[in-house]
Amino acid sequence: MAHVVLVGNLAQVTGGVAEFELSATSVKQLYQQLTELHPAIGPHLETGVAVAIDGQIFQDTLLEPIGPDSEVFLLPQIAGGD
Amino acid sequence: MAKHHVETTVNGDEVEFLCETEETLLDVLRDTLHLTGSKEGCASGDCGACSVMLDGRLVCSCLVLGCEVGGRRVETIEGMATGEKLHPLQQRFLEHAALQCGICTPGFLVASKALLERTPDPSEHEIRYWLAGNLCRCTGYDKIVSAVMDAAATMRKG
Amino acid sequence: MAETMTNGPSQTYVGTRTIRPDGVDKVTGRARFGADFNLPGQLIGRVLRSPHPHARIVSIDTSKAEALPGVKAVITRDDFADQSSEFIPAGEMMMNYKDVVRNVMAREKALYEGHAVAAVAATSVAIARRALKLIDVKYEVLPHVIDVVEAMRPDAPLLHDDLFTAGVEPKPEQPSNIAKRVEIVLGDIEAGFRKADVIVEREFKTAPVHQGYIEPHAALASVSEDGATELWCSTQGHFIVRAHCARLLGLDIGKVRVTATEIGGGFGGKTVVYLEPLAIALSRKAKRPVKMVMSREEVFKASGPTSGATVRVKMGATKDGKFVAGFAELKYQAGAFQGSPVQPGVMCAYAPYDIENVKVIGYDVVSNRPKVAAYRAPGAPISEFAVESVVDEIAKKLDIDPIDLRMQNAAREGTKAAYGPKLGPIGMEETLNAIKKTEHWNAPLRKWQGRGVASGFWFNIGGETSASLTVNEDGTVSLMAGTPDIGGLRASLAMVAADELGVPYDKVRPIIGDTGSLGFNFLTGGSRSAFSGSMAIVEAAKQIKTELCARACKLWDLKPDQVEFAGGQVKALGAAAEKFKPMSIADFAKVAGKTGGPIGGYGRINAQGAGPSLGTHLVDLEVDPETGRVTILKYTVAQDAGRAIHPSYVEGQFQGGAVQGIGWALNEEYIYGADGKLQNAGFLDYRMPVASDVPMIDAIIVEVANPKHPYGVRGVGETPIVPPLGAIANAMEAATGIRFTELPMSPPKVLKALKERGATKV
């Protein structure tokens with residue numbers, strides 16, 4: 001089971017639950033499982049969420065694999081100004 | 001009101017043009033003569049991106065009226081290289097990476113050339129104060145100052 | 001094909017100081033920037049802007065302007081369909097098309113002085129100006145609010161009656177100017193402070209500053225009768241401009257072709273649209289090309305800047321110097337519409353450090369100012385300025401060397417960042433070490449002089465990127481990238497392509513393609529263009545190498561494992577090596593037609609794995625006790641670049657960012673009158689650093705390779721603007737004994753502080 005943590009404001013739409021143990025093996029599955037548990041999070045996952053899997057941040061991905069012992073963080077997207 | 005008819009010299013070429021009273025030399029260079037190397041960054045003489053030489057004197061072309069330049073000698077960035085040969089300042093700017101976006105570069109080059117014509121061996125301090133009328137937002141000036149010092153050394157050797 | 005990449009690419013050019021391929025055009029005046037483009041029959045477009053900081057627009061009568069001979073089109077809010085509320089990623093943070101359509105052209109209200117209210121296209125500048133005067137706008141002037149703290153008060157003038165603070169539960173019943181509350185929490189902040197032997201708490205204030213690019217915004221649009229739209233503009237992302245314009249004007253994306261001109265600086269400020277949709281709307285109406293260029297005053301009043309802010313920081317440390325708790329509360333101005341960079345400000349505040357207990361709260365607050373745009377490491381300089389100032393105070397209280405204190409608490413590989421994940425390899429310690437080893441660190445100082453140090457963090461990003469390599473008939477290579485080149489991108493990508501393909505650097509000609517020539521590219525921003533672009537080029541080169549090996553196999557009747565690409569050639573291996581002469585890329589180019597057609601590669605990726613870049617700055621300054629003027633005497637930057645593709649342009653990023661930071665710290669600010677109008681909308685009064693204000697900036701490139709990039713590259717453009725604010729404030733304290741908490745530390749403020757302390761007679 002992957003350990004999933006919601007960073008920042010996201011936990012507000014899950015009634016304060018910020019940590020999950022999920023069986024997802026990809027980001028797509030992770031989003032599906034989270035949305036089934038907490039439908040209100042769905043729109044937030046569609047826009048504006050970056051995913052950190054075992055320390056590596058993915059700004060925008062659905063297909064990235066998640067390992068059985070992965071540590072996953074959902075955090076706000078980051079960009080910049082240059 | 002009728003336009004002014006102006007005959008002048010730009011980069012050694014005789015040119016004539018018509019301009020409204022309120023048109024600046026910069027407007028004429030860019031819009032009428034299609035010499036777009038001189039840039040408009042502020043139109044108030046604060047950024048130096050429009051620097052040109054007028055009768056051998058460094059001016060902001062946004063502060064000169066087009067109708068003022070009749071019978072005078074205008075030199076712009078387009079006249080700086082000779083044939084295929086870049087001016088030593090242009091060459092050193094490239095080698096020192098003294099430009100990033102490049103919008104201020106024509107103004108810096110024209111102003112630096114004016115400096116070296118009167119002060120062939122300037123100190124860093126002199127370069128910095130002479131170029132204080134030219135704004136660059138990308139480089140922090142470090143590589144521009146180095147390039148000017150290096151070009152001065154090259155030019156002194158002839 | 002045998003694997004040739006195992007030892008990393010050979011690097012003939014990467015890491016050297018080549019001459020940039022676009023350089024000659026830029027030193028001869030030939031390079032064409034936004035305002036340098038013209039089309040036959042073009043009209044001149046001008047914008048009518050609100051003179052009021054806050055006013056309801058009762059009516060707009062354009063009939064007299066339309067009747068003026070030479071006026072070919074007039075547009076107002078009626079020419080833009082309203083947009084539903086929908087957030088989309090836009091360079092820096094999310095933006096909402098409902099707000100974008102209102103920012104490019106005011107609808108119900110004008111929300112800041114300079115807000116566009118109407119625009120005209122006419123046959124000359126003079127006629128366009130006259131036409132603007134003939135537009136009759138009836139305003140109902142409303143009370144305005146400029147300051148962020150005042151805007152947060154319950155009785156403040158309200159900008160949007162449908163804005164309810166997001167991020168608080170339960171949802172507020174009353175609208176307010178607080179668009180959003182964000183928060184990150186790590187560990188237990190209260191428990192952390194209980195462990196602390198020393199606690200420092202301070203409040204800071206920073207002024208809004210403008211990106212200050214020298215080239216004003218410019219756009220040239222041409223719309224034909226069938227709706228085909230062409231646009232030339234100065235932008236950091238022409239694919240983003242295309243998306244925004246198509247959306248705002250109801251066009252198919254495929255019908256809009258945007259060409260990025262050379263760009264005269266952006267720093268984040270050219271990641272959004274201002275003139276572009278107006279020029280297209282005018283051209284569509286007039287059926288002629290329309291050119292629009294902002295004046296410098298318009299740039300100041302209606303584009304950029306970044307947020308001003310109020311920040312409270314409270315940090316705790318044990319007596320031996322271990323940071324145990326970090327709290328901060330950030331209130332960032334968003335301008336007239338929500339979307340300040342408070343989120344990255346929150347995430348970056350404590351990012352350089354390994355602290356168990358962190359809590360950072362941020363507020364995004366609207367007020368009657370131009371909507372903020374991204375500015376280099378958006379949000380980070382403000383929060384990190386406050387934290388770095390407090391870190392310095394802790395060092396002083398504990399009598400620990402400020403570099404040693406930072407070293408003791410430095411984030412390193414495996415540190416759990418306050419924003420969630422564990423960090424990969426990062427160069428915080430390496431930059432601190434590099435600074436400590438400089439002569440600068442131990443140079444003597446005199447009276448009224450002070451030395452300050454500060455560190456800074458920025459994430460960096462990757463993102464969607466397309467780039468192509470085409471082998472020409474003579475073996476030269478055409479490179480096309482889709483992110484505008486602001487500071488040497490073409491040089492960097494050409495160097496990578498030359499090394500990948502084993503061809504001479506001057507045989508690779510890079511250009512920036514228009515939106516019709518490549519797949520989607522996210523914009524130049526977030527320090528992504530060299531990082532992501534080089535990954536796309538590596539991918540494109542790989543395709544070429546694979547293709548050439550396949551063709552060699554067919555020509556030589558060999559199996560894939562009997563050939564390899566190395567040193568710019570395909571070679572037969574083993575016994576076949578003697579039989580077949582290696583073929584260079586030029587050899588293949590000659591027989592391209594006979595062996596299957598044109599040779600090329602096309603990298604289309606969503607680049608991941610951008611590594612954060614850490615930097616540490618060291619500054620010496622001198623305060624003139626009679627005038628309050630601060631002179632920067634000596635400045636050193638050390639920053640982790642992962643791998644510097646072109647060291648000169650990496651140094652240039654360090655130096656340029658440092659000087660922008662010096663301006664932010666010492667002089668730059670938006671000054672408003674009580675009437676809510678900007679009083680210094682020009683370069684004379686908005687005082688950016690000039691050459692005589694700064695010394696040489698020593699740049700030390702630290703290279704802690706980014707393991708996720710084929711060459712180890714990290715983005716470098718953003719981080720350099722983060723540390724200067726704190727470093728200078730810390731040096732000011734060292735020089736004067738006064739802790740300055742308000743930016744800019746301009747002469748009047750410094751003089752006042754010195755007088756208040758009675759220090760001028762020392």
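Chain letters run A, B, ... following the sequence lines, proteins first, then strands; residues in each count from 1.
- For a residue to count as touching a neighbouring chain, one of its non-hydrogen atoms must lie under 4.5 Å from one of that chain's; by this rule Val125(C) does not touch chain B.
- When heavy atoms are compared at a cutoff of 4.5 Å, Pro484(C) does not approach chain B at all.
- Heavy atoms closer than 4.5 Å to chain C are found nowhere in Ser44(B), neither backbone nor side chain.
- When the candidates Leu86(B), Ile103(B), Thr139(B), Leu89(B) are compared by the number of heavy-atom contacts under 4.5 Å with chain C, Ile103(B) comes out ahead.
- Sorted by first then second residue, the ring pair (Phe, Tyr, Trp, His ring centres under 6.0 Å) pairs that include residues 100-128 of chain B, not counting sequence neighbours, are His125(B)-Tyr129(B).
- Note: Pro695(C) leads Gly265(C), Gly23(C), Pro695(C), Ala699(C) in heavy-atom pairs under 4.5 Å with chain B.
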Q: For the pair Glu40(B) and Arg296(C), evaluate side chain to side chain contact (heavy atoms under 4.5 Å, CB included) and give the outcome as yes or no after the intermediate values.
A: CA-CA 9 Å; Glu40(B) 180 175 307; Arg296(C) 179 54 53 182; over 6 Å; no
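- Between the Arg20(C) side chain and the Leu94(B) main chain, no donor and acceptor come within less than 3.5 Å of each other.
- When the candidates Val145(B), Leu131(B), Ile144(B), Leu135(B) are compared by the number of heavy-atom contacts under 4.5 Å with chain C, Leu135(B) comes out ahead.
- Residues of residues 147-156 of chain B lying under 4.5 angstrom from chain C, judged on non-hydrogen atoms, do not exist here.
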Q: Please test Arg137(B) against Glu668(C) for salt bridge (charged side-chain N to carboxylate O under 4.0 Å, His left out), starting from the C-alpha separation and ending with a verdict.
A: CA-CA 13 Å; Arg137(B) 192 62 158 172; Glu668(C) 294 178 34; 2.8 Å; yes
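- Using a 4.5 Å cut-off between heavy atoms, Val27(C) touches chain B through backbone and side chain atoms alike.
- Within residues 64-79 of chain B, the residues having any heavy atom under 4.5 Å from a heavy atom of chain C are, by residue number, Ile77(B), Glu78(B).
- For Ala31(C), the part lying near chain B is the backbone, with the side chain staying farther off; criterion is any non-hydrogen pair under 4.5 Å.
- Using a 4.5 Å cut-off on side-chain heavy atoms (C-beta onward), Ile214(C) and Lys39(B) make no contact.
- Only the side chain of Leu109(B) has a heavy atom closer than 4.5 Å to any heavy atom of chain C.
- Between Trp130(B) and Ser692(C), the closest side-chain pair of non-hydrogen atoms is not below 4.5 Å.
- Side-chain atoms of Gln655(C) do not come within 3.5 Å of backbone N or O of Lys143(B) as any donor-acceptor pair.
- Under the 4.5 Å side-chain criterion, counting only non-hydrogen atoms from C-beta, Arg17(C) is not in contact with Glu95(B).
- Of the listed residues (Asn38(C), Val659(C), Val694(C)), the greatest number of heavy-atom pairs within a distance under 4.5 Å of chain B belongs to Val694(C).
- Annotation for Gly29(C) and Pro106(B): closest pair CA-CG, 4.4 Å, computed over non-hydrogen atoms.
- Interface remark: Glu215(C) contributes backbone and side-chain atoms alike to the contact with chain B (heavy atom separation under 4.5 Å).
- Identified under the salt bridge (Lys or Arg N to Asp or Glu O under 4.0 Å) test for residues 679-688 of chain C, with sequence neighbours left out: Arg687(C)-Asp693(C).
- If you measure heavy-atom distances from Leu99(B) to chain C, the contacts under 4.5 Å come from both the backbone and the side chain.
- Looking at Glu297(C), neither its backbone nor its side chain comes within 4.5 Å of chain B, counting heavy atoms on both sides.
- Put simply, the side chain of Arg128(B) reaches to within 4.5 Å of the side chain of Met696(C), judged on heavy atoms.
- Heavy atoms of Glu124(B) lying under 4.5 Å from chain C belong exclusively to its side chain.
- Looking at Thr28(C), the atoms closer than 4.5 Å to chain B (heavy atoms on both sides) sit in the backbone and in the side chain alike.
- Top candidate by heavy-atom pairs under 4.5 Å with chain B, chosen from Leu684(C), Asp698(C), Asp485(C), is Leu684(C).
- A distance of 3.5 Å separates CZ of Phe267(C) from SG of Cys138(B), quoted to the nearest 0.5 Å.
- Contact record, Gly102(B) with Phe33(C): C-CZ, 3.6 Å, taken as the closest heavy-atom pair.
- The nearest pair of heavy atoms linking Phe683(C) to Gly41(B) is CE1-O, 3.9 Å.
- Only the backbone of Ile263(C) comes within contact range of chain B, with heavy atoms under 4.5 Å apart.
- Heavy atoms closer than 4.5 Å to chain C are found in both the backbone and the side chain of Ala132(B).
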